[in-house]
Peer 1: 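Here it is: the structure, laid out below.
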Amino acid sequence: MASIPDPLNNENPNKNDTNPNNMNTIPIFISTESLHAILSHQTLIDHLQSSLPAASSTLQTPIRQSYSVSQSSSLLLMPSWSSSPSLPYVGVKLVTYFPQNSTLNLPGVHASYVLFSSVTGQTLASMDGTVLTLYRTSCVSGLASKILARNDSETLVMIGAGAMAPHLIKAHLSARPSLRRVIIWNRTIEKALKLAEEMRENAGFDGVCFESNGCLEEIVGLGDIVSCATNSETPVVKGERLKAGAHLDLVGSFKHSMRECDDEAIGRGRVFVDNEAALVEAGELVGAFERRVIEKGDIGGNLVELIKGEKVGRRSSEEITVFKSVGSAIVDILAAQLVYETYVGKQ
């Protein structure tokens with residue numbers, strides 16, 4: 001884990017008042033710089049793998065509330081809480097989704113996360129929910145590829161070059177150290193070129209080749225892991241192009257109109273989800289159910305069931321696996337827990 005920079009020590013003058021059970025707790029603000037210093041994709045993947053099964057049975061996590069701010073933009077509220085002594089927190093993430101921001105060279109998603117004590121209700125900390133989301137979403141995908149992708153996976157195809165893409169690349173590389181080649185595609189090829197260059201210079205993965213390619217149909221078939229993070233409402237991944245044994249990771253869609261792969265990809269693959277909300281939110285799955293491509297009973301399991309070994313993951317080297325995530329407040333609060341408790345432990 002990266003060491004905490006000196007500025008961290010100046011953010012909270014009340015260093016001894018950060019215990020969630022302390023009646024004199026003073027709310028702290030954890031800067032984005034400190035959050036980056038605390039988190040790594042490997043440590044968060046490990047934390048989710050070890051803590052998610054127990055937390056999923058103790059946390060209360062209502063289905064997130066989504067409100068249309070305009071025809072294309074949304075406000076989402078994602079609460080979660082637990083009274084367990086090992087997780088004495090209430091957490092709420094406030095998210096805005098403005099996809100048109102790409103024309104302004106701004107991220108489409110902005111968020112804030114607030115952590116409270118579930119013992120006293122006091123505010124404990126606030127942090128950059130946008131960065132927290134990038135880490136937790138990518139690490140859920142990384143954890144899924146650790147379980148579902150082939151052990152000898154060598155090539156990762158990254159579809160999309162937005163803010164999520166570098167995190168997904170790092171998470172998959174952390175989860176699958178056998179990966180040696182990363183090919184990036186984006187509708188705007190210049191963004192793919194730029195991301196490939198940035199990853200070569202700054203990713204810190206020795207022996208991994210980072211490149212870009214403008215021909216999506218050509219590179220999909222090369223991917224042992226194909227990871228998608230787009231806002232697309234028309235399929236970008238065609239199932240017929242997937243190679244035998246591929247693992248398809250779908251991150252972008254969270255409403256019925258969004259769709260990153262076609263029905264053939266869903267039909268050819270054995271589908272897993274991060275949580276049950278994906279069955280009613282993800283456009284790829286909702287549409288496939290409506291068109292009778294698959295039924296809900298065909299879903300192979302969710303992430304907790306895979307971690308616990310209650311559901312079998314990959315069954316052969318030739319099987320295509322599909323993992324669809326829509327996010328949940330459970331992984332938000334677990335990521336926030338890791339950040340907060342590490343921060344306090346450094347004081």
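This one's a predicted model, so the numbers in the text were calculated from it and none came from an experiment.
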Peer 1: Would Trp185 and Ile189 show up in the same hydrophobic cluster when neighbours are defined by side-chain heavy atoms closer than 4.5 Å?
Peer 2: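 Cluster IDs for Trp185 and Ile189 differ.
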Peer 1: Would you say Trp81 and Leu132 are hydrophobically clustered, going by side-chain heavy atoms of ILVMFWY under 4.5 Å?
Peer 2: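 Each belongs to a different hydrophobic cluster.
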Peer 1: So, the side chain of Arg270 versus the backbone of Gly267: is there a donor-acceptor pair under 3.5 Å, distance only?
Peer 2: no
Peer 1: Looking at CZ of Phe289 and CG of Asp298, how far apart are the two atoms once the value is rounded to the nearest 0.5 Å?
Peer 2: 8.0 Å
Peer 1: Has the side chain of Arg176 got a donor or acceptor atom that lies under 3.5 Å from a matching backbone atom of Lys146?
Peer 2: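 At least one qualifying donor-acceptor pair exists.
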Peer 1: Determine whether Asp332 and Ser80 satisfy the following criterion, side-chain contact (heavy atoms from CB on, under 4.5 Å), listing intermediate values before the conclusion.
Peer 2: CA-CA 8 Å; Asp332 283 328; Ser80 187; over 6 Å; no
Peer 1: Between Thr96 and His110, do the side chains contain an N or O donor and an N or O acceptor separated by less than 3.5 Å?
Peer 2: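 Judged by distance alone, the side chains do not pair up.
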Peer 1: Taking Ser50 for its side chain and Asp46 for its backbone only, find out whether a donor-acceptor pair lies under 3.5 Å.
Peer 2: yes
Peer 1: Counting N and O atoms only, with roles assigned by atom type, does the side chain of Asn101 sit under 3.5 Å from a partner on the main chain of Leu104, one being a donor and the other an acceptor?
Peer 2: no
Peer 1: Determine, using the 4.5 Å side-chain heavy-atom cutoff (strictly less than), whether Val304 and Leu59 are members of one ILVMFWY cluster.
Peer 2: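 Yes, same cluster.
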Peer 1: Would a distance-only check, ignoring hydrogens and angles, find a side-chain to backbone donor-acceptor pair under 3.5 Å from Ser112 to Leu94?
Peer 2: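 A pair under 3.5 Å: no.
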Peer 1: Judged by modelled atom types alone, do His172 and Ser145 share a side-chain donor-acceptor pair under 3.5 Å?
Peer 2: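 Checked: His172/Ser145 side chains pair up, N/O donor to acceptor below 3.5 Å.
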Peer 1: How many angstroms lie between CG in Leu222 and CG in Leu242, if you round to the nearest 0.5 Å?
Peer 2: 11.5 Å
Peer 1: With sequence neighbours excluded, tell me which residues meet side chain to side chain contact (heavy atoms under 4.5 Å, CB included) with Gln337.
Peer 2: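 Here the qualifying residues are His47, Leu87, Tyr89, Leu334, Glu341.
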Peer 1: Less than 4.5 Å apart, any side-chain heavy atom of Ser317 and any of Asn151?
Peer 2: no
Peer 1: Short question: side chain of Arg136, backbone of Ala335 - any donor-acceptor pair under 3.5 Å?
Peer 2: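 Pair absent, no side-chain N/O of Arg136 close to backbone of Ala335.
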Peer 1: In the hydrophobic clustering that connects Ile, Leu, Val, Met, Phe, Trp and Tyr at side-chain heavy-atom distances below 4.5 Å, which members other than Ile225 occupy its cluster, ordered by chain and number?
Peer 2: Leu134, Leu156, Met158, Met164, Leu168, Ile169, Leu173, Leu179, Val182, Ile184, Leu195, Met199, Phe205, Val208, Phe210, Val251
Peer 1: If you apply the rule salt bridge (charged side-chain N to carboxylate O under 4.0 Å, His left out), what do you find for Glu295 with Arg292, and how did you get there?
Peer 2: CA-CA 6 Å; Glu295 298 180 355; Arg292 307 303 294 269; 3.2 Å; yes
Peer 1: Between OG of Ser126 and CZ of Phe116, what distance do you get to the nearest 0.5 Å?
Peer 2: 9.5 Å
Peer 1: Between atom CD1 of Ile294 and atom CD of Glu284, what is the distance when rounded to the nearest 0.5 Å?
Peer 2: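 It comes to 11.0 Å.
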Peer 1: Check each of Ile307, Leu303, Asn302 against Glu305 using the side chain to side chain contact (heavy atoms under 4.5 Å, CB included) test, and report the only one that passes.
Peer 2: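 Of Ile307, Leu303, Asn302, side chain to side chain contact (heavy atoms under 4.5 Å, CB included) with Glu305 is met by Asn302 alone.
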Peer 1: Could you work out, with ring pair (Phe, Tyr, Trp, His ring centres under 6.0 Å) as the rule, every residue matching Phe254, not counting sequence neighbours?
Peer 2: Tyr97
Peer 1: Mark yes when over 12 heavy atoms from residues, nucleotides or ligands other than Leu77 sit less than 6.0 Å from its CG; otherwise mark no.
Peer 2: yes
Peer 1: Are Arg187 and Ser232 linked by a side-chain donor-acceptor pair shorter than 3.5 Å?
Peer 2: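 On atom types as modelled, these side chains qualify, holding a pair under 3.5 Å.
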Peer 1: What is the minimum heavy-atom distance between Gly313 and Phe272, and which atoms define it?
Peer 2: CA-CZ, 4.0 Å
Peer 1: Among Arg259, Lys324, Glu233, Glu281, which one satisfies side chain to side chain donor-acceptor pair (under 3.5 Å) with Ser253?
Peer 2: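 Considering Arg259, Lys324, Glu233, Glu281, a side chain to side chain donor-acceptor pair (under 3.5 Å) with Ser253 is found only for Lys324.
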Peer 1: Are Leu52 and Leu338 co-members of a hydrophobic cluster defined by side-chain heavy atoms under 4.5 Å apart?
Peer 2: yes
Peer 1: Assess whether salt bridge (charged side-chain N to carboxylate O under 4.0 Å, His left out) is satisfied between Arg181 and Glu211, documenting all intermediate values.
Peer 2: CA-CA 8 Å; Arg181 184 186 186 191; Glu211 59 191 88; 3.0 Å; yes
Peer 1: For residues 213-226, pull every pair meeting side-chain hydrogen bond (donor to acceptor under 3.5 Å, both in side chains), keeping only residues two or more places apart or in separate chains.
Peer 2: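 Residue pairs with at least one partner in residues 213-226: Asn213-Glu218, Glu217-Arg241, Asp224-Lys243.
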Peer 1: Taking the side chain as everything from C-beta on, heavy atoms only, tell me whether Thr61 gets closer than 4.5 Å to Ser328.
Peer 2: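 SC-SC contact between Thr61 and Ser328 ruled out.
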Peer 1: So, using salt bridge (charged side-chain N to carboxylate O under 4.0 Å, His left out) as the criterion, who are the partners of Glu201 when residues are at least two apart?
Peer 2: none
Peer 1: Applying a strict under-4.5 Å side-chain criterion to I, L, V, M, F, W and Y, I'd like to know whether Met127 and Val131 cluster together.
Peer 2: yes
Peer 1: With sequence neighbours left out, what residues match Tyr135 under ring pair (Phe, Tyr, Trp, His ring centres under 6.0 Å)?
Peer 2: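 His36, His41, His167.
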Peer 1: Begin from the C-alpha positions of Val273 and Leu285 and carry the test side-chain contact (heavy atoms from CB on, under 4.5 Å) through to its verdict.
Peer 2: CA-CA 10 Å; Val273 296; Leu285 299 185; 3.7 Å; yes
Peer 1: May I ask you to check whether over 12 heavy atoms, not counting those of Lys255, lie within 6.0 Å of atom NZ?
Peer 2: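 Atom NZ in Lys255 is crowded, with more than 12 foreign heavy atoms closer than 6.0 Å.
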